[in-house]
Q: 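Let me begin by handing over the structure; questions about it come next.
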Amino acid sequence: MIDKTVPGTADAVAGVADGSTVMIGGFGRAGQPVELIDALIEQGAGDLTIVSNNAGNGDTGLAALLAKGRVRRMVCSFPRQHDSWVFDGLYRAGEIELEIVPQGNLAERIRAAGAGIGAFFSPTGVGTELAEGKEERTIDGRRYVLEYPIKADVALISAYRGDRWGNLIYRETARNFGPIMAAAATTTVAQVDEVVALGALDPEAVVTPGVFVNRVVAVAPRGWVQDGIFVGGVDIEGRPLEVLS
Amino acid sequence: MIDKTVPGTADAVAGVADGSTVMIGGFGRAGQPVELIDALIEQGAGDLTIVSNNAGNGDTGLAALLAKGRVRRMVCSFPRQHDSWVFDGLYRAGEIELEIVPQGNLAERIRAAGAGIGAFFSPTGVGTELAEGKEERTIDGRRYVLEYPIKADVALISAYRGDRWGNLIYRETARNFGPIMAAAATTTVAQVDEVVALGALDPEAVVTPGVFVNRVVAVAPRGWVQDGIFVGGVDIEGRPLEVLS
Amino acid sequence: MTRIGREELAQRIASDIPEGAYVNLGIGAPTLVANYLPSDLEVILHTENGLLGMGSAPAPGLIDPDLINAGKQPVTALAGAAYFHHADSFGMMRGGHLDICVLGAFQVSATGDLANWSTGAPGAIPAVGGAMDLAIGAKAVYVMTDLLTKAGESKLVAECTYPLTGVGCVSRVYTDHAVFDVTGGGFQVRELFGGTTVDELEQLTGLSLQLRIES
Amino acid sequence: MTRIGREELAQRIASDIPEGAYVNLGIGAPTLVANYLPSDLEVILHTENGLLGMGSAPAPGLIDPDLINAGKQPVTALAGAAYFHHADSFGMMRGGHLDICVLGAFQVSATGDLANWSTGAPGAIPAVGGAMDLAIGAKAVYVMTDLLTKAGESKLVAECTYPLTGVGCVSRVYTDHAVFDVTGGGFQVRELFGGTTVDELEQLTGLSLQLRIES
């Protein structure tokens, strides 16, 4: 029997090596696999390259990993946010490297890694300083720059529900980078609110087929959902307000 | 109010010009938009380039369009099937042009057109006669050939359910080329079994967002499904056998 | 000279968006445009973090942290919405499927170059997000901005001095003084607000401007 | 010399597929392998027309024309299945996510080149389907074939004379006479069926062959 579920987040992140490239899902806080990041901090791997759209919010999740000095290099589209003080401090102190990638190129480069594409010509960034030094070509009268895949050793993502084959569904805009990162990493680890029985996920609605997923771990369900129904009751950072039911 | 639904298949295919490139969804008979093709035959456009995985089965659908002499050129991966006698005859008589594209390159080239990619390096076909004359490059020790997008003037696809914004869901392996063709054509026409109310399609499970769809037309429901449930009762060509209910 | 306020400008832009348009409203002032789209017309909003059919902000207590816009603010989803992942979302944009994108700007050049992601100031932390994708993706890119910086410099320029976001991508600029179309021959004044004249605009921008003639 | 039949060969291949493997079985003889996968082990079958978790053929009267395999035969879907479109399906393959692909062959060269899509015969209608994608996509590409053509010529060759499907892509060849691994130094005999000897194989193929030594 195939069973990709693991009992706890420590098992889920076991074996991440120093120097690894780790993709971390999420757009801001939505879809950020906070429990997996906490486990990675505990696990101790360092000298990491992190690929993630942002560079952490507040003092938790990715920001906490950065604060521990575990990250050598960030590859992201938008590090600077109102609550990215941890990254900001490290960057200004020269303690972290940064590669800025336009968000759509970041997504497409990750997708290319998962889909076996060697490189692709993108119109995004043409003529800007982020395309400097990149190969340019005009195709059918439009200018493009050549972009290469971004692969990872490990992807840590957050989904809503999963099964023991690793099939995943997401929730709303928390889907964001999860499906493409799952396919771009050698080892993909998904935290889910709930592991459901094989066959419980509608095969028409599975977003990430299990072939892309190596480990699935159930974490505390998000507070704003009960039995799949939105019940409100939190603020934008997930702090409890009131429960409507 | 946005309403992309049209009353009949004649309205759905109105305006297709002679000389157009038309994508036709389907893999064999699964997902082939037979009613739209019948309407296109009636509409009369000729000198067409057809992009479709196969080159017609039996005497209906795409095969019927070919038999009418409306197609100048086929772009497909697998024209030769046990029941592709119409295409076979035209090809042997020198009455149709053929571009053979490996199936994955066909899919990715269609996807590239919809996603604004100028060209991409594919490992498929490297070193074969189908890559002759194509630009080749070695990236990270692997050989790739450069492949260009395939766009169309019109895409005719078959989905299962749609709404007035053009959102679509498909059914099983009849999904195949529909979602990528929808995004690669200037005008995309979808036949569906049923038009449902806006909001009736689960936004997590919509496969083709309405932005890619211009016209939606309801056709006779497939005989093997009642109220979304498979009821059997047909052979592989869709001919009635018995209804289990 | 009379200028119009930001809310009025948002309203002005909203009135140019036809029913059925697929629209992406950039972070900041452009998001105000959503407030002025007539509720009896259907305009479909795209947010690049994976949603088509975005609705307005939720009521307090109904905030769903999984449902946010590109500015990471809580939003809602309309009946008819669809979610998708980031590669699909940016493919939708890059592939030219959106009709209109409204963006802010530091500078717009007479050839439609846009600079809106970086002032190039030394020591600033670079952050581009989806700006470069938005700039080149939509069928029409509208810029919403004050005509002048706080220091009184024109944001309409012959050539951008700030780092570029996109080349030749802007089709129209809505400012507090006037609306400009970017044409092959530079900026054309499409509409003047209040008592502003083309002469005044030329003085403020230092550019040679043409008035659009209705044909 | 003793040869094994096609069904026995399918069974032999099935016994080399471990539980949990993601496998694509090509059109024709390779589809027979599915019949010999032990029912108590979970092996996940991919069909490139958009399904992972393919099950066996349906009972008569339960044929669903929307649910077919790459050979356009009716199939079923297991609990745990997922559907996807063609670009995602071939991305899954091309991206190296499938463990094993089993394909037929006209010829396999000593360097692992595969020819299985065209005999190059004049007048034949070319048709490649997914063959070239399958050939280069999976982590391991197994070929299932008779060792000899009906005319008695070896399908194992120094260099393919038929048009290629893929270059250096085959890792193992299962034939009715023996199983061969493709190594840096040519074909290595992994297993002999019945009384076949390496000498006989060398005579049949005209190739210099090594016997694999278990280490």
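We use all heavy atoms of the structure for the numbers below, so side chains are in, but hydrogens, waters and symmetry mates are not. Quick caveat: nothing in here was measured; it's all calculated off a predicted structure. Residue numbers begin at 1 in each chain, while the letters A, B, ... track the order of the sequences.
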Q: Look up atom CG in Leu78(C) and atom CG in Leu198(B), then write down how far apart they are to the nearest 0.5 Å.
A: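 Rounded to the nearest 0.5 Å, the CG-CG separation comes out at 8.5 Å.
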Q: Residue by residue, scan residues 88-113 of chain C and write down, ordered by number, those that have a heavy-atom distance under 4.5 Å to chain B; if none do, write 'none'.
A: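 When heavy atoms of chain B are the reference, residues 88-113 of chain C contributes Gly91(C), Met92(C), Arg94(C), Gly95(C), His97(C), Leu98(C) within the under-4.5 Å range.
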Q: Looking only at heavy atoms, what is the nearest atom pair of Ala82(C) and Pro209(B), with distance?
A: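 It is CB-CB, 4.1 Å.
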Q: Could you tell me whether Asp140(B) atom CG has more than 12 heavy atoms of other residues or ligands within 6.0 Å of it?
A: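 Count not over threshold, so no.
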Q: Hey, does the side chain of Glu19(C) reach the backbone of Met1(B) with a donor-acceptor pair shorter than 3.5 angstrom?
A: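 The answer is yes, because a donor-acceptor pair under 3.5 Å joins these two groups.
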Q: Could you tell me whether Arg6(C) atom CZ has more than 12 heavy atoms of other residues or ligands within 6.0 Å of it?
A: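 Not buried by this count: 12 neighbours or fewer within 6.0 Å.
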Q: Is there a side-chain contact between Ile44(C) and Val211(B) (heavy atoms, below 4.5 Å)?
A: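 No, too far: nothing below the 4.5 Å cut-off.
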Q: Just how far is it from atom CZ of Phe212(B) to atom OH of Tyr22(C), taken to the nearest 0.5 Å?
A: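 Answer for the CZ-OH pair, Phe212(B) versus Tyr22(C), is 9.5 Å.
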Q: Which of the residues Ala184(B), Ala205(B), Ala183(B) is involved in the greatest number of heavy-atom pairs with chain C at under 4.5 angstrom?
A: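 Among the listed options, the one with the most contacts to chain C is Ala183(B).
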